[in-house]
Undergrad: 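Handing you this structure, nothing more for now.
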There are 2 protein chains.
Amino acid sequence: MPLAHPVPDLVSLDLLQSVAELGSIRRAAMAHHVSQPAASMRLRALERTLGLELLDRSSGRARLTPAGTATVEWGGAVLDEVRALQLGVAALRAEGSTQLRLAASMTAAEYLVPGWLNRLRAAEPDLGVSLQMGNSEHVADVVARRDADIGFVEGDTVPATLDSKVVSRDDLVLVVAPSHPWSGRRGALSAAEVAATPLVLREPGSGTRQVLEGALGACGLSVTPLVELGSTTAIKAAVGSGLGPGVLSRLAIRAEVREGRMVIVPTSGFSLERAIRAVWPKAVVLSPAASLLLAQISRRADGSVADPEGPTRSSRR
Amino acid sequence: MPLAHPVPDLVSLDLLQSVAELGSIRRAAMAHHVSQPAASMRLRALERTLGLELLDRSSGRARLTPAGTATVEWGGAVLDEVRALQLGVAALRAEGSTQLRLAASMTAAEYLVPGWLNRLRAAEPDLGVSLQMGNSEHVADVVARRDADIGFVEGDTVPATLDSKVVSRDDLVLVVAPSHPWSGRRGALSAAEVAATPLVLREPGSGTRQVLEGALGACGLSVTPLVELGSTTAIKAAVGSGLGPGVLSRLAIRAEVREGRMVIVPTSGFSLERAIRAVWPKAVVLSPAASLLLAQISRRADGSVADPEGPTRSSRR
DNA sequence: CCAACGGCATAAGCACATGTTATAGCGCTG
DNA sequence: CAGCGCTATAACATGTGCTTATGCCGTTGG
């Protein structure tokens, strides 16, 4: 569903951020290479679209109001995601002649790589990165041919010519809208119940559909499609609008679940978990940039970063 | 520091989202109440600014390219944060006559409330919400006067006239830039080492400064300011640029740490942790909306939502 | 107490981005 | 092969946003 109006402007949010950092509209304007009146008008326009007084100009120097500091923080979260998008896009666009060449499966590329690049950029701001996307076989192939320095694939089968290391995990989960009766359900669903329920699914032949069919098939069951859609986003929309339960990668619904727009229904009796692995050619030293990236990704596992998002605790797998 | 160019446009990202959901540019245009050519041109402009081919129009119907699906997902994360901002702003702007009146301390309002509202809106889309911000005493006062249905405060001291429940936790942490020598440090810093180090701090008298001084004071030590800045954002900028170690609320640096732009340096020997509590008048039944919100916040603690962000595990407190 | 300075707002002019309607081309489908 | 649905292009109107120039105000230092 489309964004509600009015939509704030990214450039203005970014400008407000600079005002907060630098303490004056003038300096913020300089940092953004625009004239001071332009910055002033932009900020006034932002205040108008949000309907809030963000800045107190009464004392010569512009100071943030309480609403302004809140907006700075909320806007900061938006801008962080924009930066991740920009890094991902830049990596996708990069043609050869860069220093770190990545290859990643769709899931890893979409949900994990931008965050990794964000962290990598903190340590090596000027490192050029390129990213190639494809299915797991394609990634393994690209890495084996030395067309990428390091790759990221889903699944536990790795060609014998490649070294690998598990860097993350992903699994398919059953999700429903918060209004769905199952959203308050206590016990886990059995494989038979899942098979008997019409589900919002990807089309036959897609990776996630195959994994689901395989897991149910191992129990002698098969899936019952309610509708079949061609994209993860379409499934999110259908499930979110209450059409029915859907099956999606846990990574794909991270934000929706965190913010309560979807609810994961626990299941039992079958597992749809797969590892996400870094892969690189065996008997070849990793390039310095690739080994730095791998080290950064692995260091995250040391538990030093607590999840500050409310009292949520990660389930231990 | 300002956003890098080129900056994608939120409306275009939102439009692309609709194309992914609805399967055609035409329908996306209708969903956004603009003409089809306008949508077509917007998407072309987005492709130009990102330097990527997002849509394959060769087959009559527009279909997403691999780069397009990646952009849809990255853009979805951006739009999720925008929605949180909009909810927070709407709640700040709301004047009386709404159905749920919140009051929250700055930290809770900035970092937690928008996410809660996002979840609440999934269950009650038409609920009006207002939000009042202030320090903890002010929040307790507003709630006691029945000017808010429920409040959120930091700290463990709650007036006797109020009921309370811990809904989250926050603590101050020592952070450095990834380039700082301490970022790779193994052991924890002692209170004496922290006291001996010049730090980037808030000004004397601010809440976070007082907490830090209190904790060190209990060990017979005092802080050594390197610079004193007037806002959390200014401290983030100073620490991020490598000026020196800083002390900030863990909630405030969530995104920075997750993406590796800052590193938390472990400390030991003193604690800067405080609970974040919901508070409401004792001997008064919570309004239905308030109790729903409280239930949703509390339900998050049941562990059903695993953190899918890489192999990170939450530390258990 | 006054002068100088830094910072913000307003005004006028201009370029360009973005929207609209009308129309043509193209790929499916029956 | 004809019709339909989808998209691109064209031509035009309009408003947004930037720039430079200038005035006002609050702060600061002698």
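Side chains included, hydrogens not; waters and symmetry mates left out as well; all remaining heavy atoms used. Below, chains carry the letters A, B, ... as their sequence lines are ordered, and counting in each starts from 1.
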Undergrad: Main chain of B:Leu199, side chain of B:Thr197: is a donor-acceptor contact present, judged purely on distance under 3.5 Å?
TA: no
Undergrad: Under 3.5 Å, sequence neighbours excluded: what are the donor-acceptor pairs made by side chains of residues 75-87 of chain A?
TA:
unit_1  : atom_1 : unit_2   : atom_2 : d
A:Asp80 : OD1    : B:Arg261 : NH2    : 2.7
A:Gln86 : NE2    : B:Ala4   : O      : 2.9
A:Gln86 : NE2    : B:Pro6   : O      : 3.0

Undergrad: Please collect all side chain to side chain donor-acceptor pair (under 3.5 Å) contacts where either partner lies in residues 20-35 of chain A, sequence neighbours excluded, each pair once.
TA: A:Ser18-A:His32
Undergrad: Give me the residues of residues 6-25 of chain A where at least one heavy atom lies under 4.0 Å from an atom of DNA chain C, by number, or none.
TA: A:Ser24, A:Ile25
Undergrad: Suppose we screen for side-chain hydrogen bond (donor to acceptor under 3.5 Å, both in side chains). Which residues come up paired with A:Thr233, at least two apart in sequence or across chains?
TA: B:Glu73
Undergrad: Partners of A:Asn135 by side-chain hydrogen bond (donor to acceptor under 3.5 Å, both in side chains), sequence neighbours excluded?
TA: none
Undergrad: Give me the residues of residues 41-57 of chain B where at least one heavy atom lies under 4.0 Å from an atom of DNA chain C, by number, or none.
TA: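 Here the set is B:Met41, B:Arg42.
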Undergrad: If you look only at distance, which donor and acceptor atoms sit under 3.5 Å apart when one is on a side chain in residues 223-231 of chain A and the other is two or more places apart or in another chain?
TA:
unit_1   : atom_1 : unit_2   : atom_2 : d
A:Thr224 : OG1    : A:Ala195 : O      : 2.4
A:Glu228 : OE2    : A:Arg209 : NH1    : 3.1
A:Glu228 : OE2    : A:Arg209 : NH2    : 3.2
A:Ser231 : OG     : A:Ala234 : N      : 3.0

Undergrad: For A:Leu127, run the side-chain contact (heavy atoms from CB on, under 4.5 Å) check against A:Thr98, A:Leu120, A:Leu117 and tell me which one passes.
TA: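 With A:Leu127 as partner, A:Thr98, A:Leu120, A:Leu117 yield a single side-chain contact (heavy atoms from CB on, under 4.5 Å), made by A:Leu120.
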Undergrad: Could you identify which residues of residues 66-76 of chain B place a heavy atom less than 4.0 Å from some atom of DNA chain C, listed by residue number, or say none?
TA: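 Of all residues in residues 66-76 of chain B, none places a heavy atom under 4.0 Å from DNA chain C.
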Undergrad: Would a distance-only check, ignoring hydrogens and angles, find a side-chain to backbone donor-acceptor pair under 3.5 Å from B:Lys236 to B:Ala252?
TA: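 Checked: pair present.
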Undergrad: Applying side-chain hydrogen bond (donor to acceptor under 3.5 Å, both in side chains), name anything that partners A:Ser105, two or more places apart in sequence or on another chain.
TA: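 side-chain hydrogen bond (donor to acceptor under 3.5 Å, both in side chains) check on A:Ser105 returns A:Glu154.
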Undergrad: Applying salt bridge (charged side-chain N to carboxylate O under 4.0 Å, His left out), which residue pairs with at least one partner in residues 28-52 of chain B are found, sequence neighbours left out?
TA: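 For residues 28-52 of chain B: B:Asp9-B:Arg42, B:Glu47-B:Arg57.
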Undergrad: Has B:Gln132 got a side-chain atom pairing as donor or acceptor with B:Ala104's backbone, closer than 3.5 angstrom?
TA: no
Undergrad: Between A:Arg63 (CZ) and C:dG6 (C1'), how many Å, whole number?
TA: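 About 15 Å, once rounded to whole Å.
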Undergrad: Run the side-chain donor-acceptor check on residues 61-71 of chain A: report pairs under 3.5 Å with partners two or more places apart or on a different chain.
TA:
unit_1  : atom_1 : unit_2   : atom_2 : d
A:Arg63 : NH2    : A:Ser59  : OG     : 3.3
A:Thr65 : OG1    : A:Glu53  : O      : 2.6
A:Thr65 : OG1    : A:Leu54  : O      : 3.1
A:Thr65 : OG1    : A:Gly68  : N      : 3.0
A:Thr69 : OG1    : A:Pro66  : O      : 2.9
A:Thr69 : OG1    : B:Glu110 : OE2    : 3.1
A:Thr71 : OG1    : A:Ala67  : O      : 2.8

Undergrad: Identify, residue by residue, the members of residues 26-39 of chain B with a heavy atom below 4.0 Å from DNA chain C, and return them in order of residue number, or none.
TA: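 Per residue number, the list reads B:Val34, B:Ser35, B:Pro37, B:Ala38.
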